[in-house]
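Step one of this worksheet: look at the structure below.
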Number of protein chains: 2
Amino acid sequence: MKPRITLKNIAKEFGVSISTVSKALKGSHEISEETRERIQAYADYYNYKPNSLALQLRSQKTSVIGVIIPEIVHHFFSTVINGIEQYANERGYNVMICLSNESYEKEVSNISMLTNGSVDGLIVSIARETQENQIYKHFDALIKDDFPLVLFDRVVDSIKCDKVIIDDIGGAIKATDHLIEIGSKRIALLTTQDYISVGSLRKEGYIKSLIKNGIKVDENLIYKIDDKRDLYEQIKKVINVKNPPDAILAVNEIYAAIASKISKERGLVIPNDIAIIGFTSGLISEFTSPSLTSVMQHGALMGKQAAELLINRIEHKGVDEDYQKEVISPNLKIRESTKR
Amino acid sequence: MKPRITLKNIAKEFGVSISTVSKALKGSHEISEETRERIQAYADYYNYKPNSLALQLRSQKTSVIGVIIPEIVHHFFSTVINGIEQYANERGYNVMICLSNESYEKEVSNISMLTNGSVDGLIVSIARETQENQIYKHFDALIKDDFPLVLFDRVVDSIKCDKVIIDDIGGAIKATDHLIEIGSKRIALLTTQDYISVGSLRKEGYIKSLIKNGIKVDENLIYKIDDKRDLYEQIKKVINVKNPPDAILAVNEIYAAIASKISKERGLVIPNDIAIIGFTSGLISEFTSPSLTSVMQHGALMGKQAAELLINRIEHKGVDEDYQKEVISPNLKIRESTKR
DNA sequence: TATAAACACGAAAACGTTTTCGAAAGTTAA
DNA sequence: TTAACTTTCGAAAACGTTTTCGTGTTTATA
């Protein structure tokens with residue numbers, strides 16, 4: 001790579017000082033018009049661009065925000081990043097992305113790398129392993145130093161910072177209410193292991209709705225799917241039984257899609273024999289047939305809000321208002337799988 | 001945010017010079033064991049981390065690679081980024097992501113931003129608008145400065161740099177061959193406008209396979225879908241006709257999924273009446289029913305290879321070997337939609 | 001004509017680090 | 001006792017900027 005041209009190069013070329021060149025290129029009135037124009041022309045010709053590292057070092061500001069997510073090959077996280085990137089750009093920030101791969105170790109090392117001066121703030125969704133072990137001291141260290149931090153989606157109450165989350169309880173209530181409205185009596189819940197915060201919140205909403213509607217909660221209809229084992233086998237045990245449920249609420253799109261496939265294979269008609277709703281973050285629900293009613297998660301909006309909170313926090317350095325918690329309400333996209 | 005602790009702070013604390021502190025923390029033998037241990041303990045206690053901006057400025061190396069992609073909410077690009085990130089991390093690099101949103105302007109400004117010293121090299125997939133207008137001077141400028149650059153997927157021959165691409169022609173041939181093998185006679189092609197390079201390459205493979213198998217190419221079976229108009233309407237015109245094709249090759253997953261839906265709505269049985277194959281980059285094909293046979297694109301592998309080419313180029317600064325072009329062969333994942 | 005103001009520029013510090021070179025002590029050997 | 005080494009540290013340059021504070025020259029004013 002050819003070395004880039006610097007102020008020093010230009011200064012030597014014209015036999016002037018570095019400060020003169022700097023001022024000339026910034027259009028300072030301190031420099032005579034003649035000198036300024038000559039320097040400007042030369043700089044243009046050689047495509048001078050100020051070295052951003054030097055600027056960052058001097059100004060103690062990088063205009064970069066770091067994002068740490070569990071994985072990127074996941075439609076929900078892609079949409080969040082999209083939201084972050086769009087908004088950050090508008091405010092003059094760039095985005096640096098790191099993946100924790102759901103690993104505690106990697107999350108810690110990512111945070112350590114990014115907070116050595118390369119970013120002005122951090123947006124994080126916590127790794128599964130971290131939530132499992134409930135070790136949050138790497139976050140507490142950030143808080144102690146007042147490092148700008150925003151958590152989204154997978155958050156933890158004990159970490160004192162700005163947060164943006166989805167109203168998972170409300171979303172699950174909406175979905176369950178809808179299933180009940182269309183006449184479902186035995187609604188199965190496909191959820192995750194308890195330590196996944198969103199899974200247990202959605203379960204909470206499901207239960208609330210049942211109680212509100214005077215339906216007895218049947219623990220046998222609540223299935224905790226283990227992501228590390230075969231999903232088909234686990235979900236078959238829900239549907240391929242003598243007396244299958246007449247509706248399913250799945251806490252993510254994959255579970256819902258698999259439930260749909262298995263139902264059809266067993267000869268059940270959707271939505272008449274069995275209605276299906278999934279929390280969604282992708283395109284599958286839209287393109288399967290029948291298309292699946294979904295609780296829409298608004299990832300892009302989430303990203304935008306997270307970026308907004310973070311940048312505000314970065315730029316109002318002095319002010320330390322209370323930490324904010326933005327709650328995004330998911331809405332129900334009704335499709336064929338619940339149109340009885 | 002609390003100001004971070006620096007060498008200067010520590011030096012003042014112990015009444016020694018900055019260089020002594022620096023050496024002590026690097027375990028230099030020049031420093032007495034006693035001094036070294038005291039300084040180390042203090043630094044540990046206050047969680048000293050060298051400011052990476054200062055290091056980067058001094059070493060003229062950022063260990064960051066920039067990635068510019070058309071959009072991130074697209075499974076294919078997510079997998080590529082995943083591949084890039086994994087490999088880059090192994091080699092000690094971080095990843096900075098920018099989106100061009102298919103816009104020429106944004107691509108230019110992204111390149112300009114990233115090449116001002118904030119990254120050591122660039123991995124790019126060219127924006128649609130850029131390919132449409134065929135203006136590549138922003139890339140030529142990079143080449144002229146020997147700036148490390150790797151293009152992937154959407155590449156342009158005239159830009160002289162390392163590239164990694166998918167063998168789109170071969171993939172389309174494999175798919176078409178397979179459709180012919182299972183007895184298809186009238187194979188429709190759902191492709192994109194001509195200026196999209198991958199679209200026209202896949203069309204080329206489709207035609208080659210037909211010719212090879214002695215089937216006459218029927219231009220009326222080649223449909224150029226316009227992404228800016230309603231996809232359902234356009235694809236309906238392919239299937240909802242008196243004499244529909246008995247097989248469909250779609251150049252992406254969405255087209256394939258829509259074709260599948262419309263076929264079922266029209267009462268056609270997949271794969272008996274109509275077989276379907278799509279180039280894939282997502283999960284839809286796997287979870288619809290029937291599941292769709294796909295040409296698998298191996299995005300993660302692509303990302304890994306792109307990162308490998310780039311980092312090698314960055315690190316062998318002096319050596320300028322010829323530019324490499326890696327070609328990845330897609331393979332056919334046979335699913336229900338072609339099992340006659 | 002003397003003084004003040006305006007103009008055009010340079011020196012140097014600052015951001016935080018690494019590294020080369022030199023130098024003052026202390027130690028060893030002859 | 002003297003010469004040669006070793007040990008332990010500091011000064012300063014370098015990376016590329018911006019910005020404050022001079023300073024010398026010219027022009028305007030009284």
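A, B, ... follow the sequence lines: proteins, then strands. Residue 1 opens every chain. Small disclaimer: the values here were computed from a predicted structure and weren't measured.
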**OP:** For the pair B:E102 and B:R154, find out whether any cationic side-chain nitrogen is under 4.0 Å from an anionic carboxylate oxygen.
**Re:** yes
Subject >> Contacting residues from residues 17-28 of chain A, given that a heavy atom lies under 4.0 angstrom of DNA chain C >> reply: A:S17, A:S19, A:T20, A:K23
**OP:** Run the numbers on B:V119 and B:Y93 for side chain to side chain contact (heavy atoms under 4.5 Å, CB included), then give the verdict.
**Re:** CA-CA 10 Å; B:V119 302; B:Y93 285 75; over 6 Å; no
Original post:
How would you label the contact of B:F14 with the nucleic acid (heavy atoms, under 4.0 Å): base, sugar-phosphate, or nothing?
Top reply: nothing
Subject >> Heavy-atom donor-acceptor pair, B:N110 side chain to B:K106 backbone, under 3.5 Å >> reply: yes
Subject >> Shortest non-hydrogen contact from A:V155 toward A:V164 >> reply: CG1-O, 4.5 Å
**OP:** Please report the closest heavy-atom contact between A:G66 and A:L114, naming both atoms and the distance.
**Re:** CA-CD1, 4.2 Å
Original post:
Taking DNA chain C as the partner, which of residues 29-36 of chain A come within under 4.0 angstrom of it by heavy atom?
Top reply: A:E30, A:I31, A:S32, A:T35
Subject >> Side-chain H-bond candidate by donor/acceptor type, A:Q40 with A:D44, under 3.5 Å >> reply: yes
Original post:
Taking the side chain from B:D120 and the backbone from B:K61, do they hold a donor-acceptor pair closer than 3.5 Å?
Top reply: no
Original post:
Going 5' to 3' on DNA chain C, which nucleotide is the first and which the last to come under 4.0 Å of a heavy atom in chain A?
Top reply: C:dA8 to C:dG16
Original post:
Given B:S52, which of A:L57, A:L53, A:N116 fulfils the side chain to side chain contact (heavy atoms under 4.5 Å, CB included) condition?
Top reply: A:N116
Original post:
Quick check: does any side chain N or O of B:D162 sit under 3.5 Å from a backbone N or O of B:Q324, one acting as donor and the other as acceptor?
Top reply: yes
Original post:
Do NZ/NE/NH1/NH2 and the carboxylate oxygens of A:E308 and A:K304 come within less than 4.0 Å?
Top reply: yes
**OP:** Remember a base hit wins even if backbone is also touched, and classify A:L57 as base, sugar-phosphate or nothing at under 4.0 Å, heavy atoms.
**Re:** base
